[in-house]
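Reading through the structure tokens given below for one structure.
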Amino acid sequence: MSSPADAQTGTTTEGAPAKLAPKDYRGRLKPVWCPGCGNYGVLNALVQALSDLEIDPDNLALISGIGCSSRLPGFVQGYGFHGVHGRALPVAIGAKLGNPRLTVLVVGGDGDGLSIGAGHFPHAARRNIDITYMMLDNRIYGLTKGQTSPTTPAGFGTKSSPRGVVESPMNPAGLALCYGATFVARGYSAHMPQLRSLIVEAIRHPGFSLLQVLSPCVTFGKGSGYDFFNERVQPLPEDYPADDPAQALVHSIDLQTIRTGVLYRGKKPEFVEVMRGIGGARGRELDDTAPAIDTEALVRRFS
Ligand code: SF4
Ligand code: MG
């Protein structure tokens, strides 16, 4: 678990907090990913987006599961929780319910989110709680050295499927649409300006946001590296409306042209707001005027 205690939150001459630069959102730990890993592009886009949104690191929680991409919270200035394989979403939902003022980001890979954690994804989406789920999709299990993951394309050879994968790959963006997510987008780690703006939009969206990020594994994902994506990735057309889930589904399942951008943006009551409306003890607990949770006492209690 990391905390933002050393965030460089200076002040302007007028006393207002100074806007933090992208570099100020970098954690003290240096990334340990392989040179060329797509996750570097995601980290760069993320710190730029956090700066664009002027998010206070003291109000930022990054929750992850297990895997190469799940190391990301350690490299960002904010509260981080590197959890159990596949369980990032329930931890993140708990954090948001505990303190609705937090900006809660969930980071994990395709294996973490679609295999071990697959049961949590639909329920987080249909609940429409205001968290942002960045699924870094490298189409392989990278940390455990190259086994087939739920998004490995059929026919690709991997360490666990040396004669080629037989099953059809899962489609995170298409699943999110079917699960009722109100914001579904796809980005590519090598297209950082677009990814930066997608992260900004996903965080701003008042509800559950799924951002699938194509993030090549240069060490084990040879069949779906930068060359593979560079040939196929294209942004959605400029006049694409993004308000029709049926059109979004058609684009999400196209395997020849892999579309990036906001596939769908919809409206539905947000979970915490609904709970507040229901009232009672739970509703009061979710009141913004309630005193903030003493996170340091919590850390002391569980450490
Ligand atoms: Fe990135 Fe793959 Fe290396 Fe993991 S094994 S750090 S996903 S390149
Ligand atoms: Mg993976």
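Counting starts at 1 for both ligands and their atoms, in listed order.
For R186 and Y188, the positive end is not near the middle of the six-membered ring at less than 6.0 Å and at most 45° from its axis.
A salt bridge is absent between R265 and D243; no separation between the charged side-chain nitrogens and carboxylate oxygens falls under 4.0 Å. Ion pairing of E273 with R276 is present here, as a side-chain N (NZ or NE/NH1/NH2) and a carboxylate O approach within less than 4.0 Å.
In this structure a side-chain-to-backbone donor-acceptor pair under 3.5 Å is present from K268 to G180. Side-chain N or O atoms of S160 include none that pairs as donor or acceptor with a backbone N or O of Q147 at under 3.5 Å.
Checked against a 6.0 Å centroid threshold, the rings of F183 and Y264 do not count as neighbours.
Residue C217 has at least one heavy-atom neighbour below 4.0 Å for each of these atoms of ligand 1: 2 (Fe), 5 (S), 7 (S), 8 (S). Atoms of ligand 1 lying under 4.0 Å from any heavy atom of T219, numbered from 1 in the order shown and given with element: 3 (Fe), 8 (S). Atoms of ligand 1 found under 4.0 Å from any heavy atom of C34, numbered from 1 in the order shown, are 3 (Fe), 5 (S), 6 (S), 8 (S). When each atom of ligand 1 is checked for a heavy atom of C37 under 4.0 Å away, the hits are 1 (Fe), 6 (S), 7 (S), 8 (S). Taking every non-hydrogen atom of V218 and a distance limit under 4.0 Å, the qualifying atoms of ligand 1 come out as 8 (S).
Put simply, C68 stays out of reach of atom 2 (Fe) of ligand 1, with no N, O or S atom under 2.8 Å from it.
The option from F220, W33, Y141 that lies nearest to atom 5 (S) of ligand 1, judged by heavy atoms, is F220.
Heavy-atom distances between N138 and ligand 1 reach below 4.0 Å in at least one pair.
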